[in-house]
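Take a look at the structure below.
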Amino acid sequence: MIALLGIAVVIVGFLIRINPLLVIAAAVLATGWAAGFDLVHTLALFGHAFNENRYVSIVFLVLPVIGLLEREGLQERARILIGRLRGATVGRLLLVYMLFRQAMSAIGLASAVGGHAQVVRPLLAPMAEAAAEKDGPLSEEKRNTIRAFAASVDNVGAFFGEDIFLAMSSVLLIKGFLEQNHIIVQPLSISLWSIPTAIAAALIHGTRLWLLDRKLKRQSLNPPSPPSGGEGRVRGR
Amino acid sequence: MITLDHIYILMGALFVAVAALSLRDRANKKRFGNAIFWSLFAASFLFGSHLSDFANGVLVLALVIVGGFNFIGRTAPPTTSPEQRRERAQRYGNGLFYIALIIPLVALIGTLFLKGSGLVDPKQVTLISLGIGVVVALVVGYIWMKPPALAPLEEARRLADTIGWAALLPQLLASLGAVFAAGGVGKEVGIIATQYLPLGTPFAAVATYCIGMALFTIIMGNAFAAFPVMTAAIGLPLVVGQFHGDVTVMAALGMLAGYCGTLVTPMAANFNIVPAALLEIPDYAVIRAQIPTAIPLLIVNIVLMYALAF
């Protein structure tokens, strides 16, 4: 049971909202202590894993390009483009992107096409906001909801598309794990059995996007509170 | 041959520049904190492969202290005004999109065509192609828009400081997963799951396996970490062994049940917390938008596994 001390630290830490970096470091030290490792060994394990996982952060390499394009008006351009498109609503726009992302992931391009830094912040979120602004200015709450949904379609599309690709790391992990247990399965059959859930994910999240459109429409007909600008706000940590 | 190490050097160089620009920014009272934080981050990319595991551990701890105790400040690097941006959006037109599309396009072409070329490490072809795409897009941007020489780096600093300490989370959580594994956390969870949970019927076994995958993914932040544990504890011995469910269905849908957990956990920081920081919305806003999708999807997944596996 004591091996689970690290998990307890994580749960309590997140619940009482201590800075996550500190929570993680504390969980690492607690897990090492519970497992009977000395401090040097624990730190070495942590450092080794951190170094091995550097590839996770490579996505930040796009920041100078995205920043430069924002400086030169990329988000504004995205708004102009959507403003001209008749019939473009938040829900329809996000649905099209989600299906596109799912399709790209299903052919093995999850990490090549899409992503929060590359697409959602500079393009998708401003487009979704512009689509909503056709019905009048946005309250901060609405703006936040629209941005959150823009991030969500990137996630749902990628998660429930990528397992259809048979060379995806998760498919290979499944195959490798079963092989260790002396069961041979074909990657293709794992891929095929991932399709029903992929369809369900598109239907469920698609329905929520449709409901989001209806909610935004209703609110713009009867505005509940005076709208306020959402730009340049300081984010609460 | 281009390997991931070259991309790491590029990352290191970028964040050395971010750190240097931070140091210059006298408007930021915490500028030394920002400079130290991004220098340490850069050091990990530049020297991480040459440092001992323990030295890397000390480096991470230093990053955690600077980031976690709020020694880094929010900044406002020089950029264009909203009016300037609107004017430039008119001037550059859709060319802005084409530059933005260079990155995924190069990543795409690289992934498809560079694999067997011998020019890049075939195991890391997408990440390396992404790095090449960034360089190409930057060069095109410089030539076409002729920004001040430091502008892309100042803009990178603006975005990096928007993300702040959350930039460290994805890598840190992946490392925590490794320490959990070394400490035997997974095995312990598997033992508890089998001892205390109802598993008497095929449906109960399927439901427990799927919900267990989701819950353990919520804790670990990663379905890949949960899969071997829960499948060895419940999936293989019960769903397949005792009740004769189809092993491929169990495994494929088990992993997807884990993804339902990924949608709702702050531990999956790269999907849920970093985007919130990037979009400047409350930390948990993305998770809140995803919970009402994750729960019905998990239920559908359980029903699908039960219907298809038996």
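What's counted below: heavy atoms across the whole structure, side chains too, no hydrogens, waters or symmetry copies. It should be emphasised that the depicted structure is a prediction, and the values quoted were computed from it without experimental measurement. By convention in this document, chain letters (A, B, ...) are assigned in the order of the sequence lines, proteins followed by strands, and residues within each chain are numbered from 1.
Arg86(B) has no carboxylate O lying under 4.0 Å from a charged side-chain N of Glu76(A), or vice versa, which leaves the two without a salt bridge. Between Arg143(A) and Glu280(B) there is no salt bridge, since none of the side-chain N atoms of the basic residue sits less than 4.0 Å from a carboxylate O of the acidic one.
In terms of the ring pair (Phe, Tyr, Trp, His ring centres under 6.0 Å) criterion, residue partners of Phe159(A) (sequence neighbours excluded) are, by chain and number, Tyr259(B), Phe271(B). Taking the side chain to side chain contact (heavy atoms under 4.5 Å, CB included) definition, one finds that Thr79(B) meets it with Arg71(A), Arg85(B), Glu155(B), Arg158(B), sequence neighbours left out.
For Phe50(A), the parts sitting under 4.5 Å from any heavy atom of chain B are the backbone and the side chain alike. Looking at Val60(B), only its side chain comes within 4.5 Å of chain A, counting heavy atoms on both sides. The contact between Leu123(A) and chain B is made entirely by side chain atoms (from C-beta outward), counting heavy-atom distances below 4.5 Å. Using a 4.5 Å cut-off between heavy atoms, Glu141(A) does not touch chain B at all. In this structure, chain B has a heavy atom under 4.5 Å from the side chain of Leu178(A), while its backbone stays farther away. Neither the backbone nor the side chain of Gln180(A) comes within contact range of chain B; no heavy atom of the residue lies under 4.5 Å from a heavy atom of that chain. Residue contact with chain B, scored on non-hydrogen atoms closer than 4.5 Å, involves the side chain of Val185(A) exclusively. For chain B, the nearby parts of Ile174(A) are the backbone and the side chain; heavy atoms of each come within less than 4.5 Å. Neither the backbone nor the side chain of Ala150(A) comes within contact range of chain B; no heavy atoms are under 4.5 Å apart. For chain B, the nearby parts of Pro196(A) are the backbone and the side chain; heavy atoms of each come within less than 4.5 Å. For Glu72(A), the parts sitting under 4.5 Å from any heavy atom of chain B are the backbone and the side chain alike. Interface remark: Ile80(A) contributes side-chain atoms only to the contact with chain B (heavy atom separation under 4.5 Å). Heavy-atom distances place the side chain of Val10(A), and not its backbone, under 4.5 Å from chain B. Contacts between Ile192(B) and chain A at a heavy-atom distance below 4.5 Å involve the side chain alone, from C-beta outward. Within the 4.5 angstrom heavy-atom criterion, atoms from both the backbone and the side chain of Gln90(B) approach chain A. For Ala198(A), no part lies under 4.5 angstrom from a heavy atom of chain B. Of the atoms belonging to Ala25(A), it is side-chain heavy atoms, and not backbone ones, that fall under 4.5 Å from chain B.
The backbone N or O of Gly73(A) sits nowhere less than 3.5 Å from a side-chain atom of Arg88(B) that would complete a donor-acceptor pair. Using modelled atom types, one side-chain atom of Arg54(A) and one backbone atom of Ser44(B) make a donor-acceptor pair closer than 3.5 Å. The main-chain N or O of Tyr8(B) is never found under 3.5 Å from a side-chain atom of Tyr55(A) such that the two would form a donor-acceptor pair. In this structure a side-chain-to-backbone donor-acceptor pair under 3.5 Å is present from Arg208(A) to Ala289(B).
The choice from Ala294(B), Ala167(B), Gly133(B) that makes the most heavy-atom pairs within less than 4.5 Å of chain A is Ala167(B). Ranked by heavy-atom pairs under 4.5 Å with chain B, the list Gly115(A), Ala125(A), Ala78(A) is led by Ala78(A). Per-residue counts of heavy-atom pairs under 4.5 Å with chain B were compared for Leu203(A), Leu212(A), Ile204(A); the largest is that of Ile204(A). When each of Gly177(B), Gly95(B), Ala232(B), Gly93(B) is scored by its heavy-atom pairs under 4.5 Å with chain A, the top score falls to Gly93(B). When Leu108(B), Leu130(B), Leu61(B), Val179(B) are compared by the number of non-hydrogen pairs under 4.5 Å with chain A, Val179(B) comes out ahead. Looking only at heavy-atom pairs under 4.5 Å with chain B, the residue among Leu81(A), Leu68(A), Asn53(A), Val62(A) that has the most is Asn53(A). Comparing Asn155(A), Leu43(A), Val65(A), Leu45(A) by heavy-atom pairs within less than 4.5 Å of chain B, the highest count is held by Asn155(A). The most heavy-atom pairs under 4.5 Å with chain A, out of Thr231(B), Val58(B), Leu153(B), Leu59(B), come from Thr231(B). Ranked by heavy-atom pairs under 4.5 Å with chain A, the first of Asn270(B), Val300(B), Leu169(B) is Leu169(B). Heavy-atom pairs under 4.5 Å with chain A were tallied for Ile191(B), Leu105(B), Asn70(B), Thr262(B); the largest tally goes to Thr262(B). Comparing Phe37(A), Phe60(A), Phe149(A) by how many heavy-atom pairs each has under 4.5 Å with chain B, the most go to Phe60(A).
Side-chain atoms of Leu263(B) and Val156(A), non-hydrogen and from C-beta on, do get closer than 4.5 Å to each other. No side-chain heavy atom of Phe54(B) sits less than 4.5 Å from a side-chain heavy atom of His48(A). You'll find the side chain of Leu297(B) reaches within 4.5 Å of the side chain of Phe160(A), heavy atoms only.
Closest non-hydrogen pair, Trp165(B) versus Pro20(A), comes out as CH2-CD, 3.5 Å. Of all heavy-atom pairs between Pro275(B) and Ala151(A), the closest is CB-CB, 4.1 Å.
Atoms CD1 and CD, on Ile24(A) and Gln171(B) in that order, are 11.0 Å from each other to the nearest 0.5 Å. We find the NE2-CG distance between His116(A) and Leu278(B) to be 8.5 Å, quoted to the nearest 0.5 Å.
Within 6.0 Å of atom CH2 in Trp210(A), 12 or fewer heavy atoms from other residues, nucleotides or ligands are found, so the atom counts as exposed in its surroundings.
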